[in-house]
Amino acid sequence: MRFVVIRTAQAAASVWGAVTIVFLALHLAGNPAAIIAGPTATAEQIRLIAVQLGLDRPLYVQYLAYLAHLVTGDFGFSYQAQQPALAVFLSRLRYTAALASTGFTLALVLGLACGLLMARFGGVVERILMAVVSGAQSLPSFWLGLLLILIFSVTLHWLPSSGSESWKSMILPTVTMASFLFPALARITRQSLLDELPSEYVRTARAKGMPDGLIWRKHLLRNAALPIVTIAALQLAYMIGGAVLTETVFAWPGVGQLTVQAVQQLDLPVVETIVIFAAVTFVGANLLADLLYSVLDPRVTFR
Amino acid sequence: MSAAPPGAAPEGARGARRQRWRALAPPVIVIGLALAAAVVPGWLAPSNPLATNFAMRLQPLGTVAGGHVYWLGTDGLGRDVLSRLIYGTRISILTALAAVLGAGVIGGAMGLTAGFFRRGLGAAIMRLADTMMAIPFLLLAILIITELGSSLPTTIVALIVTTWPVYARTAYATTLKTIQAEFVDAARAAGSTTARLLFRHVLPFITSSLLVIGTLQVATMILYEAGLSFLGLGAQPPTPSWGSMLADGEGYVATAWWLITFPGLALFALVWAVNQGGDYLQTVLNPRLRD
(Lines give C-alpha, C1' and ligand atoms only; values in the text may rest on other atoms or scores of the structure.)
Protein backbone atom coordinates (compact mmCIF):
# COMPACT_ATOMS: atom_id res chain seq x y z
CA MET A 1 0.00 0.00 0.00
CA ARG A 2 2.78 2.39 0.98
CA PHE A 3 4.50 1.52 -2.28
CA VAL A 4 1.41 2.44 -4.30
CA VAL A 5 1.16 5.81 -2.54
CA ILE A 6 4.83 6.61 -3.13
CA ARG A 7 4.64 5.57 -6.77
CA THR A 8 1.52 7.68 -7.35
CA ALA A 9 3.14 10.71 -5.71
CA GLN A 10 6.22 10.24 -7.89
CA ALA A 11 4.02 9.96 -10.95
CA ALA A 12 2.18 13.17 -10.08
CA ALA A 13 5.52 14.92 -9.54
CA SER A 14 6.69 13.81 -12.99
CA VAL A 15 3.56 15.22 -14.64
CA TRP A 16 3.91 18.49 -12.75
CA GLY A 17 7.59 18.68 -13.75
CA ALA A 18 6.73 18.12 -17.40
CA VAL A 19 4.07 20.85 -17.26
CA THR A 20 6.57 23.26 -15.72
CA ILE A 21 9.36 22.57 -18.21
CA VAL A 22 7.02 23.03 -21.17
CA PHE A 23 5.45 26.14 -19.62
CA LEU A 24 8.85 27.79 -19.30
CA ALA A 25 9.98 26.68 -22.77
CA LEU A 26 6.81 28.02 -24.35
CA HIS A 27 7.25 31.41 -22.74
CA LEU A 28 10.88 31.60 -23.78
CA ALA A 29 9.90 30.62 -27.32
CA GLY A 30 8.16 33.87 -28.15
CA ASN A 31 5.06 35.98 -27.79
CA PRO A 32 1.81 34.17 -28.65
CA ALA A 33 0.06 37.53 -28.90
CA ALA A 34 2.24 38.48 -31.87
CA ILE A 35 1.29 35.25 -33.65
CA ILE A 36 -2.43 35.72 -32.99
CA ALA A 37 -2.29 39.34 -34.15
CA GLY A 38 -0.64 38.35 -37.42
CA PRO A 39 2.36 39.73 -39.30
CA THR A 40 0.77 43.11 -40.15
CA ALA A 41 -0.34 43.99 -36.61
CA THR A 42 0.94 47.11 -34.86
CA ALA A 43 2.72 46.98 -31.51
CA GLU A 44 -0.39 48.45 -29.88
CA GLN A 45 -2.64 45.68 -31.23
CA ILE A 46 -0.21 43.03 -30.00
CA ARG A 47 -0.14 44.68 -26.57
CA LEU A 48 -3.93 44.69 -26.37
CA ILE A 49 -4.13 40.97 -27.16
CA ALA A 50 -1.42 40.25 -24.60
CA VAL A 51 -3.40 42.12 -21.94
CA GLN A 52 -6.56 40.26 -22.94
CA LEU A 53 -4.85 36.88 -22.51
CA GLY A 54 -3.06 37.94 -19.36
CA LEU A 55 0.33 37.54 -21.00
CA ASP A 56 1.49 40.93 -19.72
CA ARG A 57 1.63 39.72 -16.13
CA PRO A 58 4.92 38.56 -14.57
CA LEU A 59 5.82 34.98 -15.52
CA TYR A 60 5.43 33.53 -12.01
CA VAL A 61 1.93 35.05 -11.71
CA GLN A 62 0.94 33.47 -15.04
CA TYR A 63 2.42 30.15 -13.92
CA LEU A 64 0.64 30.10 -10.57
CA ALA A 65 -2.63 31.20 -12.17
CA TYR A 66 -2.27 28.43 -14.75
CA LEU A 67 -1.63 25.80 -12.07
CA ALA A 68 -4.55 27.10 -9.99
CA HIS A 69 -6.89 26.70 -12.94
CA LEU A 70 -5.45 23.30 -13.72
CA VAL A 71 -6.17 22.01 -10.23
CA THR A 72 -9.85 22.88 -10.70
CA GLY A 73 -9.89 20.95 -13.99
CA ASP A 74 -9.76 24.08 -16.18
CA PHE A 75 -7.29 23.50 -18.99
CA GLY A 76 -7.69 27.01 -20.40
CA PHE A 77 -8.99 28.41 -23.66
CA SER A 78 -7.19 27.77 -26.95
CA TYR A 79 -5.63 30.95 -28.35
CA GLN A 80 -6.31 29.85 -31.93
CA ALA A 81 -9.53 27.82 -32.02
CA GLN A 82 -12.31 29.66 -30.23
CA GLN A 83 -12.88 26.68 -27.92
CA PRO A 84 -11.66 25.29 -24.61
CA ALA A 85 -8.23 23.64 -25.02
CA LEU A 86 -9.56 20.35 -23.68
CA ALA A 87 -12.34 20.28 -26.30
CA VAL A 88 -9.79 20.94 -29.06
CA PHE A 89 -7.61 18.15 -27.74
CA LEU A 90 -10.44 15.64 -27.29
CA SER A 91 -11.80 16.24 -30.79
CA ARG A 92 -8.39 15.13 -32.13
CA LEU A 93 -7.75 12.37 -29.61
CA ARG A 94 -10.58 10.31 -31.13
CA TYR A 95 -8.60 9.95 -34.36
CA THR A 96 -5.27 9.16 -32.74
CA ALA A 97 -6.88 6.64 -30.40
CA ALA A 98 -8.49 4.86 -33.35
CA LEU A 99 -5.18 4.68 -35.21
CA ALA A 100 -3.24 3.74 -32.09
CA SER A 101 -5.54 0.85 -31.24
CA THR A 102 -5.49 -0.70 -34.72
CA GLY A 103 -1.75 -0.06 -35.15
CA PHE A 104 -0.88 -1.41 -31.72
CA THR A 105 -3.06 -4.50 -32.13
CA LEU A 106 -1.47 -5.32 -35.47
CA ALA A 107 2.00 -4.74 -33.98
CA LEU A 108 1.23 -6.98 -31.01
CA VAL A 109 0.02 -9.83 -33.23
CA LEU A 110 2.99 -9.49 -35.59
CA GLY A 111 5.51 -9.06 -32.80
CA LEU A 112 4.33 -12.02 -30.73
CA ALA A 113 4.04 -14.26 -33.80
CA CYS A 114 7.52 -13.36 -35.09
CA GLY A 115 9.14 -13.69 -31.68
CA LEU A 116 7.46 -17.02 -31.01
CA LEU A 117 8.39 -18.46 -34.40
CA MET A 118 12.01 -17.32 -34.02
CA ALA A 119 12.39 -18.86 -30.57
CA ARG A 120 10.48 -22.03 -31.39
CA PHE A 121 12.06 -23.05 -34.67
CA GLY A 122 15.47 -21.34 -34.84
CA GLY A 123 17.64 -22.05 -37.88
CA VAL A 124 16.57 -20.66 -41.22
CA VAL A 125 13.19 -19.45 -39.91
CA GLU A 126 14.91 -17.43 -37.22
CA ARG A 127 17.49 -15.97 -39.60
CA ILE A 128 14.90 -14.85 -42.13
CA LEU A 129 12.55 -13.38 -39.51
CA MET A 130 15.46 -11.68 -37.73
CA ALA A 131 16.42 -10.01 -41.01
CA VAL A 132 12.82 -8.82 -41.43
CA VAL A 133 12.73 -7.51 -37.85
CA SER A 134 16.09 -5.69 -38.15
CA GLY A 135 14.94 -4.25 -41.45
CA ALA A 136 11.66 -3.00 -40.01
CA GLN A 137 13.51 -1.50 -37.06
CA SER A 138 15.65 0.59 -39.41
CA LEU A 139 12.76 1.61 -41.66
CA PRO A 140 11.85 5.28 -41.28
CA SER A 141 8.10 5.08 -40.70
CA PHE A 142 7.31 8.21 -42.68
CA TRP A 143 9.22 6.84 -45.65
CA LEU A 144 7.28 3.59 -45.47
CA GLY A 145 4.12 5.72 -45.42
CA LEU A 146 5.20 7.52 -48.58
CA LEU A 147 6.07 4.23 -50.29
CA LEU A 148 2.69 2.74 -49.36
CA ILE A 149 0.99 5.80 -50.83
CA LEU A 150 3.12 5.46 -53.98
CA ILE A 151 2.23 1.79 -54.40
CA PHE A 152 -1.34 1.42 -53.13
CA SER A 153 -2.79 4.87 -53.82
CA VAL A 154 -0.93 6.36 -56.78
CA THR A 155 -0.07 3.23 -58.76
CA LEU A 156 -2.76 0.66 -57.91
CA HIS A 157 -5.56 3.07 -56.87
CA TRP A 158 -6.66 0.59 -54.19
CA LEU A 159 -6.60 2.74 -51.09
CA PRO A 160 -6.91 6.47 -50.34
CA SER A 161 -3.66 8.31 -49.52
CA SER A 162 -5.20 10.63 -46.95
CA GLY A 163 -8.40 11.60 -45.18
CA SER A 164 -10.32 9.90 -42.42
CA GLU A 165 -13.76 9.25 -43.87
CA SER A 166 -13.90 5.48 -44.39
CA TRP A 167 -12.27 2.42 -42.85
CA LYS A 168 -10.21 2.13 -46.02
CA SER A 169 -8.25 5.26 -45.19
CA MET A 170 -7.14 3.64 -41.94
CA ILE A 171 -5.32 0.72 -43.54
CA LEU A 172 -2.14 2.44 -44.71
CA PRO A 173 -1.59 4.49 -41.53
CA THR A 174 -2.25 1.36 -39.43
CA VAL A 175 0.40 -0.63 -41.30
CA THR A 176 2.83 2.30 -40.97
CA MET A 177 2.26 2.54 -37.21
CA ALA A 178 2.61 -1.21 -36.73
CA SER A 179 5.85 -1.30 -38.73
CA PHE A 180 7.73 0.75 -36.15
CA LEU A 181 6.09 -0.82 -33.12
CA PHE A 182 6.42 -4.53 -33.85
CA PRO A 183 10.24 -5.04 -34.10
CA ALA A 184 10.88 -4.31 -30.43
CA LEU A 185 8.02 -6.62 -29.45
CA ALA A 186 9.35 -9.42 -31.68
CA ARG A 187 12.86 -9.09 -30.24
CA ILE A 188 11.77 -9.07 -26.62
CA THR A 189 9.41 -12.01 -27.19
CA ARG A 190 12.20 -14.07 -28.74
CA GLN A 191 14.73 -13.07 -26.08
CA SER A 192 12.51 -13.73 -23.08
CA LEU A 193 11.42 -17.11 -24.46
CA LEU A 194 15.04 -18.11 -25.04
CA ASP A 195 15.92 -16.94 -21.53
CA GLU A 196 13.26 -19.22 -20.06
CA LEU A 197 14.16 -22.25 -22.14
CA PRO A 198 17.01 -23.59 -19.95
CA SER A 199 14.87 -23.34 -16.78
CA GLU A 200 14.36 -26.31 -14.50
CA TYR A 201 10.59 -26.36 -14.86
CA VAL A 202 11.03 -26.90 -18.60
CA ARG A 203 13.38 -29.81 -17.99
CA THR A 204 10.98 -31.27 -15.44
CA ALA A 205 8.03 -30.97 -17.81
CA ARG A 206 10.04 -32.60 -20.54
CA ALA A 207 11.22 -35.38 -18.24
CA LYS A 208 7.69 -36.29 -17.26
CA GLY A 209 6.87 -36.61 -20.95
CA MET A 210 4.92 -33.43 -21.60
CA PRO A 211 4.60 -32.73 -25.33
CA ASP A 212 6.69 -29.79 -26.58
CA GLY A 213 3.73 -27.77 -27.81
CA LEU A 214 2.04 -28.00 -24.44
CA ILE A 215 5.22 -26.93 -22.60
CA TRP A 216 5.39 -23.84 -24.76
CA ARG A 217 1.76 -22.96 -24.33
CA LYS A 218 1.34 -23.75 -20.65
CA HIS A 219 4.72 -22.84 -19.17
CA LEU A 220 7.05 -20.85 -21.36
CA LEU A 221 4.68 -18.20 -22.72
CA ARG A 222 3.33 -17.37 -19.30
CA ASN A 223 6.75 -17.07 -17.75
CA ALA A 224 8.16 -15.04 -20.62
CA ALA A 225 5.30 -12.54 -20.43
CA LEU A 226 6.87 -10.09 -17.95
CA PRO A 227 9.44 -8.35 -20.17
CA ILE A 228 7.00 -8.39 -23.08
CA VAL A 229 4.39 -6.55 -21.02
CA THR A 230 6.94 -3.91 -20.00
CA ILE A 231 7.99 -3.19 -23.56
CA ALA A 232 4.39 -3.17 -24.77
CA ALA A 233 3.40 -0.67 -22.07
CA LEU A 234 6.32 1.60 -22.92
CA GLN A 235 5.42 1.50 -26.59
CA LEU A 236 1.84 2.42 -25.90
CA ALA A 237 3.19 5.40 -23.97
CA TYR A 238 5.37 6.54 -26.86
CA MET A 239 2.46 6.36 -29.26
CA ILE A 240 1.59 10.06 -29.15
CA GLY A 241 5.10 11.08 -30.11
CA GLY A 242 5.30 8.38 -32.75
CA ALA A 243 2.01 9.45 -34.27
CA VAL A 244 3.30 12.87 -35.34
CA LEU A 245 5.10 11.76 -38.52
CA THR A 246 2.55 9.11 -39.52
CA GLU A 247 -0.29 11.61 -39.12
CA THR A 248 1.62 14.21 -41.12
CA VAL A 249 2.21 11.83 -44.04
CA PHE A 250 -1.41 10.68 -44.20
CA ALA A 251 -2.97 14.04 -43.28
CA TRP A 252 -4.67 12.25 -40.40
CA PRO A 253 -6.39 14.84 -38.16
CA GLY A 254 -5.11 13.43 -34.86
CA VAL A 255 -3.14 14.66 -31.85
CA GLY A 256 0.18 14.36 -33.69
CA GLN A 257 -0.87 16.91 -36.26
CA LEU A 258 -2.35 19.10 -33.53
CA THR A 259 0.97 18.99 -31.66
CA VAL A 260 2.94 20.42 -34.57
CA GLN A 261 0.36 23.15 -35.20
CA ALA A 262 -0.12 24.12 -31.55
CA VAL A 263 3.60 24.35 -30.81
CA GLN A 264 4.31 26.46 -33.88
CA GLN A 265 1.44 28.81 -32.99
CA LEU A 266 2.58 28.86 -29.33
CA ASP A 267 -0.97 27.92 -28.34
CA LEU A 268 0.00 27.40 -24.71
CA PRO A 269 -3.24 25.91 -23.31
CA VAL A 270 -3.42 23.32 -26.10
CA VAL A 271 0.28 22.38 -25.91
CA GLU A 272 0.05 22.01 -22.14
CA THR A 273 -3.06 19.84 -22.46
CA ILE A 274 -1.16 17.55 -24.82
CA VAL A 275 1.83 17.43 -22.46
CA ILE A 276 -0.34 16.60 -19.47
CA PHE A 277 -2.09 13.83 -21.36
CA ALA A 278 1.17 12.42 -22.76
CA ALA A 279 2.91 12.53 -19.39
CA VAL A 280 -0.04 10.88 -17.66
CA THR A 281 -0.09 8.15 -20.32
CA PHE A 282 3.66 7.61 -20.01
CA VAL A 283 3.69 7.48 -16.24
CA GLY A 284 0.45 5.52 -16.16
CA ALA A 285 1.71 2.91 -18.60
CA ASN A 286 4.80 2.38 -16.45
CA LEU A 287 2.66 2.06 -13.35
CA LEU A 288 0.36 -0.36 -15.15
CA ALA A 289 3.33 -2.51 -16.17
CA ASP A 290 4.40 -2.70 -12.53
CA LEU A 291 0.91 -3.72 -11.45
CA LEU A 292 0.64 -6.34 -14.19
CA TYR A 293 3.95 -7.72 -12.98
CA SER A 294 2.42 -8.75 -9.68
CA VAL A 295 -0.59 -10.28 -11.41
CA LEU A 296 1.55 -12.32 -13.81
CA ASP A 297 4.22 -13.23 -11.28
CA PRO A 298 2.96 -13.67 -7.70
CA ARG A 299 6.56 -13.56 -6.46
CA VAL A 300 6.66 -9.85 -7.30
CA THR A 301 4.88 -8.05 -4.50
CA PHE A 302 4.50 -4.40 -3.67
CA ARG A 303 6.72 -3.41 -0.83
CA MET B 1 34.16 -12.34 -49.94
CA SER B 2 33.27 -15.71 -48.55
CA ALA B 3 33.30 -18.69 -50.86
CA ALA B 4 31.36 -21.02 -48.56
CA PRO B 5 28.12 -22.32 -50.05
CA PRO B 6 25.08 -20.76 -48.36
CA GLY B 7 23.74 -22.82 -45.51
CA ALA B 8 26.97 -24.78 -45.05
CA ALA B 9 27.70 -25.42 -41.41
CA PRO B 10 30.81 -23.45 -40.47
CA GLU B 11 33.48 -25.61 -38.92
CA GLY B 12 35.95 -24.46 -36.33
CA ALA B 13 37.31 -20.97 -35.78
CA ARG B 14 37.90 -20.27 -39.47
CA GLY B 15 34.30 -21.06 -40.33
CA ALA B 16 33.05 -18.89 -37.48
CA ARG B 17 35.27 -16.02 -38.58
CA ARG B 18 34.09 -16.39 -42.15
CA GLN B 19 30.46 -16.37 -41.09
CA ARG B 20 30.95 -13.29 -38.96
CA TRP B 21 32.59 -11.51 -41.88
CA ARG B 22 29.76 -12.50 -44.17
CA ALA B 23 27.26 -10.98 -41.75
CA LEU B 24 29.33 -7.85 -41.17
CA ALA B 25 30.42 -7.11 -44.74
CA PRO B 26 27.24 -5.39 -45.98
CA PRO B 27 26.95 -2.97 -43.03
CA VAL B 28 30.68 -2.20 -43.20
CA ILE B 29 30.41 -1.45 -46.93
CA VAL B 30 27.36 0.80 -46.42
CA ILE B 31 29.01 2.71 -43.57
CA GLY B 32 32.23 3.04 -45.60
CA LEU B 33 30.35 4.47 -48.57
CA ALA B 34 28.42 6.86 -46.35
CA LEU B 35 31.60 8.08 -44.64
CA ALA B 36 33.25 8.63 -48.01
CA ALA B 37 30.21 10.61 -49.20
CA ALA B 38 30.22 12.64 -46.00
CA VAL B 39 33.94 13.44 -46.04
CA VAL B 40 34.56 14.08 -49.74
CA PRO B 41 31.16 14.58 -51.41
CA GLY B 42 32.83 16.75 -54.08
CA TRP B 43 34.82 13.77 -55.41
CA LEU B 44 31.79 11.52 -55.72
CA ALA B 45 28.93 13.80 -56.74
CA PRO B 46 28.60 14.17 -60.52
CA SER B 47 27.36 17.77 -60.29
CA ASN B 48 26.59 20.71 -58.03
CA PRO B 49 23.77 19.72 -55.64
CA LEU B 50 22.42 23.27 -55.54
CA ALA B 51 22.48 24.07 -59.27
CA THR B 52 18.91 24.48 -60.54
CA ASN B 53 18.00 23.98 -64.18
CA PHE B 54 14.36 24.63 -65.06
CA ALA B 55 14.73 23.11 -68.50
CA MET B 56 15.56 19.80 -66.80
CA ARG B 57 12.75 19.60 -64.22
CA LEU B 58 11.59 16.12 -63.04
CA GLN B 59 13.69 14.12 -65.50
CA PRO B 60 13.55 10.33 -64.86
CA LEU B 61 16.50 8.07 -64.01
CA GLY B 62 19.38 7.87 -66.42
CA THR B 63 18.45 10.96 -68.44
CA VAL B 64 21.39 12.09 -70.55
CA ALA B 65 21.54 15.75 -71.51
CA GLY B 66 24.32 18.21 -72.30
CA GLY B 67 27.07 15.69 -71.58
CA HIS B 68 25.52 15.00 -68.16
CA VAL B 69 24.08 11.73 -66.94
CA TYR B 70 21.37 12.20 -64.31
CA TRP B 71 21.67 8.73 -62.77
CA LEU B 72 18.85 9.20 -60.29
CA GLY B 73 16.92 11.82 -62.25
CA THR B 74 16.23 15.42 -61.26
CA ASP B 75 13.89 17.11 -58.79
CA GLY B 76 11.23 19.82 -59.14
CA LEU B 77 13.90 22.50 -59.59
CA GLY B 78 15.97 20.45 -62.05
CA ARG B 79 18.67 19.60 -59.50
CA ASP B 80 20.60 16.32 -59.75
CA VAL B 81 19.12 13.90 -57.20
CA LEU B 82 22.26 11.73 -56.89
CA SER B 83 24.41 14.76 -56.09
CA ARG B 84 21.94 16.00 -53.51
CA LEU B 85 21.80 12.53 -51.98
CA ILE B 86 25.60 12.41 -51.66
CA TYR B 87 25.84 15.86 -50.10
CA GLY B 88 22.90 15.03 -47.81
CA THR B 89 24.95 12.20 -46.24
CA ARG B 90 27.17 14.77 -44.56
CA ILE B 91 24.22 16.50 -42.87
CA SER B 92 22.88 13.17 -41.64
CA ILE B 93 26.14 11.86 -40.23
CA LEU B 94 27.36 15.17 -38.83
CA THR B 95 24.09 15.84 -37.00
CA ALA B 96 23.87 12.32 -35.62
CA LEU B 97 27.48 12.22 -34.38
CA ALA B 98 27.30 15.67 -32.82
CA ALA B 99 24.00 14.83 -31.09
CA VAL B 100 25.29 11.52 -29.73
CA LEU B 101 28.59 13.01 -28.58
CA GLY B 102 26.89 15.96 -26.88
CA ALA B 103 24.12 13.95 -25.25
CA GLY B 104 26.50 11.11 -24.34
CA VAL B 105 28.98 13.38 -22.57
CA ILE B 106 26.30 15.42 -20.78
CA GLY B 107 24.09 12.44 -19.96
CA GLY B 108 27.08 10.30 -18.93
CA ALA B 109 28.39 12.99 -16.59
CA MET B 110 24.92 13.50 -15.12
CA GLY B 111 24.42 9.78 -14.55
CA LEU B 112 27.87 9.35 -13.03
CA THR B 113 27.28 12.25 -10.66
CA ALA B 114 23.82 11.00 -9.74
CA GLY B 115 25.13 7.50 -9.06
CA PHE B 116 27.92 8.75 -6.86
CA PHE B 117 26.04 11.34 -4.84
CA ARG B 118 22.81 9.46 -4.48
CA ARG B 119 21.06 11.82 -2.12
CA GLY B 120 20.27 15.46 -2.90
CA LEU B 121 21.95 16.35 -6.16
CA GLY B 122 21.83 12.80 -7.52
CA ALA B 123 18.15 12.35 -6.76
CA ALA B 124 17.38 15.74 -8.35
CA ILE B 125 19.23 14.80 -11.56
CA MET B 126 17.46 11.48 -11.93
CA ARG B 127 14.02 13.01 -11.26
CA LEU B 128 14.75 15.58 -13.96
CA ALA B 129 15.76 12.80 -16.35
CA ASP B 130 12.57 10.87 -15.62
CA THR B 131 10.48 13.98 -16.12
CA MET B 132 12.15 14.76 -19.46
CA MET B 133 11.30 11.27 -20.66
CA ALA B 134 7.62 11.86 -19.92
CA ILE B 135 7.51 14.76 -22.41
CA PRO B 136 6.96 13.49 -25.99
CA PHE B 137 10.25 13.79 -27.87
CA LEU B 138 8.90 15.56 -30.93
CA LEU B 139 6.89 18.08 -28.92
CA LEU B 140 9.96 19.19 -26.98
CA ALA B 141 12.15 19.17 -30.09
CA ILE B 142 9.68 21.28 -32.09
CA LEU B 143 9.40 23.68 -29.14
CA ILE B 144 13.16 24.15 -28.92
CA ILE B 145 13.45 24.60 -32.68
CA THR B 146 10.60 27.13 -32.69
CA GLU B 147 12.43 28.96 -29.94
CA LEU B 148 15.84 29.09 -31.59
CA GLY B 149 14.84 29.10 -35.26
CA SER B 150 15.26 26.22 -37.71
CA SER B 151 18.90 25.52 -38.52
CA LEU B 152 21.32 22.64 -38.26
CA PRO B 153 22.91 23.69 -34.93
CA THR B 154 19.42 24.13 -33.47
CA THR B 155 18.47 20.61 -34.55
CA ILE B 156 21.57 19.28 -32.80
CA VAL B 157 20.75 21.22 -29.62
CA ALA B 158 17.18 19.91 -29.70
CA LEU B 159 18.40 16.33 -30.09
CA ILE B 160 20.87 16.71 -27.21
CA VAL B 161 18.31 18.27 -24.87
CA THR B 162 15.76 15.55 -25.60
CA THR B 163 18.05 12.50 -25.47
CA TRP B 164 20.58 13.04 -22.64
CA PRO B 165 18.32 11.21 -20.14
CA VAL B 166 18.86 7.97 -22.09
CA TYR B 167 22.60 8.08 -21.31
CA ALA B 168 22.05 9.42 -17.81
CA ARG B 169 19.91 6.40 -16.90
CA THR B 170 22.47 3.92 -18.23
CA ALA B 171 25.40 5.69 -16.59
CA TYR B 172 23.46 5.92 -13.32
CA ALA B 173 22.61 2.21 -13.27
CA THR B 174 26.16 1.16 -14.15
CA THR B 175 27.70 3.52 -11.59
CA LEU B 176 25.46 2.15 -8.85
CA LYS B 177 26.56 -1.36 -9.71
CA THR B 178 30.24 -0.45 -9.98
CA ILE B 179 30.67 1.50 -6.74
CA GLN B 180 29.55 -1.57 -4.79
CA ALA B 181 32.44 -3.58 -6.21
CA GLU B 182 35.27 -4.54 -3.89
CA PHE B 183 37.98 -2.83 -5.91
CA VAL B 184 36.23 0.51 -5.37
CA ASP B 185 36.15 -0.11 -1.63
CA ALA B 186 39.81 -1.03 -1.78
CA ALA B 187 40.68 2.14 -3.67
CA ARG B 188 38.69 4.20 -1.19
CA ALA B 189 40.40 2.52 1.72
CA ALA B 190 43.76 3.19 0.09
CA GLY B 191 42.93 6.88 0.23
CA SER B 192 41.76 7.70 -3.30
CA THR B 193 40.15 11.10 -3.65
CA THR B 194 36.56 11.25 -4.89
CA ALA B 195 37.65 12.60 -8.28
CA ARG B 196 40.24 9.87 -8.72
CA LEU B 197 37.73 7.23 -7.69
CA LEU B 198 35.25 8.50 -10.27
CA PHE B 199 37.58 8.96 -13.20
CA ARG B 200 40.06 6.14 -12.71
CA HIS B 201 37.83 3.41 -11.31
CA VAL B 202 34.19 4.03 -12.18
CA LEU B 203 34.32 5.86 -15.53
CA PRO B 204 36.01 3.01 -17.46
CA PHE B 205 33.12 0.73 -16.52
CA ILE B 206 30.38 3.02 -17.72
CA THR B 207 32.09 3.93 -21.01
CA SER B 208 31.54 0.51 -22.58
CA SER B 209 27.82 0.53 -21.86
CA LEU B 210 27.60 4.14 -23.06
CA LEU B 211 29.47 3.18 -26.23
CA VAL B 212 26.89 0.52 -27.11
CA ILE B 213 23.97 2.86 -26.38
CA GLY B 214 25.75 5.61 -28.31
CA THR B 215 26.21 3.49 -31.44
CA LEU B 216 22.57 2.45 -31.46
CA GLN B 217 21.59 6.06 -30.76
CA VAL B 218 23.51 7.19 -33.88
CA ALA B 219 20.94 5.26 -35.91
CA THR B 220 18.06 6.77 -33.95
CA MET B 221 19.49 10.27 -34.31
CA ILE B 222 19.80 9.82 -38.09
CA LEU B 223 16.11 8.91 -38.14
CA TYR B 224 15.14 11.83 -35.87
CA GLU B 225 17.11 14.32 -37.95
CA ALA B 226 15.40 13.06 -41.09
CA GLY B 227 12.00 13.22 -39.38
CA LEU B 228 12.57 16.80 -38.22
CA SER B 229 13.81 17.91 -41.66
CA PHE B 230 10.79 16.16 -43.16
CA LEU B 231 8.61 18.42 -40.99
CA GLY B 232 10.65 21.42 -42.18
CA LEU B 233 12.42 21.77 -38.83
CA GLY B 234 15.96 20.73 -39.78
CA ALA B 235 18.54 22.10 -42.18
CA GLN B 236 16.96 24.85 -44.26
CA PRO B 237 16.66 24.89 -48.06
CA PRO B 238 18.52 24.78 -50.34
CA THR B 239 20.85 22.65 -48.14
CA PRO B 240 20.26 19.04 -49.21
CA SER B 241 19.10 16.81 -46.36
CA TRP B 242 17.44 13.43 -46.83
CA GLY B 243 14.43 14.38 -44.75
CA SER B 244 13.76 17.60 -46.65
CA MET B 245 14.32 15.79 -49.97
CA LEU B 246 11.54 13.40 -48.94
CA ALA B 247 9.31 16.34 -48.00
CA ASP B 248 9.97 17.96 -51.41
CA GLY B 249 9.29 14.66 -53.15
CA GLU B 250 5.97 14.18 -51.34
CA GLY B 251 4.43 16.81 -53.61
CA TYR B 252 5.49 14.90 -56.71
CA VAL B 253 4.53 11.42 -55.54
CA ALA B 254 2.14 10.99 -58.48
CA THR B 255 4.59 12.10 -61.18
CA ALA B 256 8.16 11.44 -60.00
CA TRP B 257 8.47 8.27 -57.93
CA TRP B 258 12.26 8.52 -57.73
CA LEU B 259 12.13 11.65 -55.58
CA ILE B 260 10.74 9.82 -52.54
CA THR B 261 12.34 6.45 -53.29
CA PHE B 262 16.09 7.13 -53.21
CA PRO B 263 16.51 9.48 -50.24
CA GLY B 264 14.44 7.01 -48.20
CA LEU B 265 16.50 4.09 -49.44
CA ALA B 266 19.74 5.85 -48.45
CA LEU B 267 18.28 6.64 -45.03
CA PHE B 268 17.12 3.06 -44.53
CA ALA B 269 20.46 1.56 -45.62
CA LEU B 270 22.53 3.77 -43.34
CA VAL B 271 20.29 3.30 -40.32
CA TRP B 272 20.26 -0.44 -40.88
CA ALA B 273 24.05 -0.59 -41.20
CA VAL B 274 24.62 1.43 -38.03
CA ASN B 275 22.11 -0.73 -36.13
CA GLN B 276 23.91 -3.88 -37.25
CA GLY B 277 27.20 -2.35 -36.10
CA GLY B 278 25.66 -1.49 -32.74
CA ASP B 279 24.35 -5.02 -32.29
CA TYR B 280 27.78 -6.41 -33.11
CA LEU B 281 29.47 -4.05 -30.66
CA GLN B 282 27.02 -5.15 -28.00
CA THR B 283 27.98 -8.81 -28.38
CA VAL B 284 31.70 -7.93 -28.34
CA LEU B 285 31.60 -5.58 -25.35
CA ASN B 286 29.00 -7.52 -23.42
CA PRO B 287 30.02 -11.18 -23.67
CA ARG B 288 27.20 -12.22 -21.35
CA LEU B 289 24.72 -11.59 -24.15
CA ARG B 290 26.48 -13.88 -26.59
CA ASP B 291 24.42 -16.91 -27.55
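Below, chains carry the letters A, B, ... as their sequence lines are ordered, and counting in each starts from 1. The structure presented is a predicted model; accordingly, all values stated were derived computationally and were not measured.
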Derivation of the side chain to side chain contact (heavy atoms under 4.5 Å, CB included) call for B/V253 and A/L146: CA-CA 8 Å; B/V253 70; A/L146 290 173; 5.6 Å; no
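A/I21 and B/M132 make their closest contact through CD1-SD, 3.8 Å (heavy atoms, listed as atom of the first residue, atom of the second, distance). A pairwise comparison of heavy atoms in B/A254 and A/V154 identifies CA-CG1, 3.6 Å as the closest pair. Heavy-atom minimum distance, A/A25 versus B/E147: O-OE1, 3.0 Å.
For A/L144, no part lies under 4.5 angstrom from a heavy atom of chain B. Using a 4.5 Å cut-off between heavy atoms, A/V249 contacts chain B through both its backbone and its side chain. At a 4.5 Å heavy-atom cutoff, A/V124 makes no contact with chain B through either its backbone or its side chain. In this structure, the portions of B/T261 lying under 4.5 Å from any heavy atom of chain A include both its backbone and its side chain.
Side-chain contact between A/W143 and B/L265: present, with at least one pair of heavy atoms (C-beta onward) separated by less than 4.5 Å. Counting heavy atoms from C-beta outward, B/L138 and A/T259 have side chains that stay 4.5 Å or more apart. Two residues are said to be in side-chain contact when any heavy atoms from C-beta on lie closer than 4.5 Å; B/I260 and A/L150 meet this criterion. Considering only heavy atoms from C-beta on, A/I151 stays 4.5 Å or farther from B/W257 through its side chain.
The distance from atom CG of B/L223 to atom CG of A/L139, rounded to the nearest 0.5 Å, is 9.0 Å. Remark: A/I35 CD1 to B/T146 OG1 distance equals 8.5 Å, nearest 0.5 Å.
For residues 268-280 of chain B, heavy-atom neighbours of chain A at less than 4.5 Å comprise B/F268, B/V271, B/W272, B/N275, B/Q276, B/D279, sorted by residue number. Within residues 159-166 of chain B, no residue has any heavy atom under 4.5 Å from a heavy atom of chain A. The contact list for residues 227-236 of chain B toward chain A, using heavy atoms and a distance under 4.5 Å, reads B/G227, B/F230, B/L231, B/L233 by residue number.
The side-chain hydrogen bond (donor to acceptor under 3.5 Å, both in side chains) pairs that include a residue from residues 131-145 of chain B number zero, where partners must be two or more places apart or lie in different chains.
Across B/L246, B/L267, B/I222, a single residue satisfies side-chain contact (heavy atoms from CB on, under 4.5 Å) together with A/P140, and that is B/L267.
Comparing A/L26, A/V15, A/I149, A/T20 by how many heavy-atom pairs each has under 4.5 Å with chain B, the most go to A/L26. Note on A/V22, A/V19, A/L147: by heavy-atom pairs under 4.5 Å with chain B, the leading option is A/V22. In terms of non-hydrogen atom pairs under 4.5 Å with chain A, the most contact-rich of B/A226, B/A219, B/A247 is B/A226.
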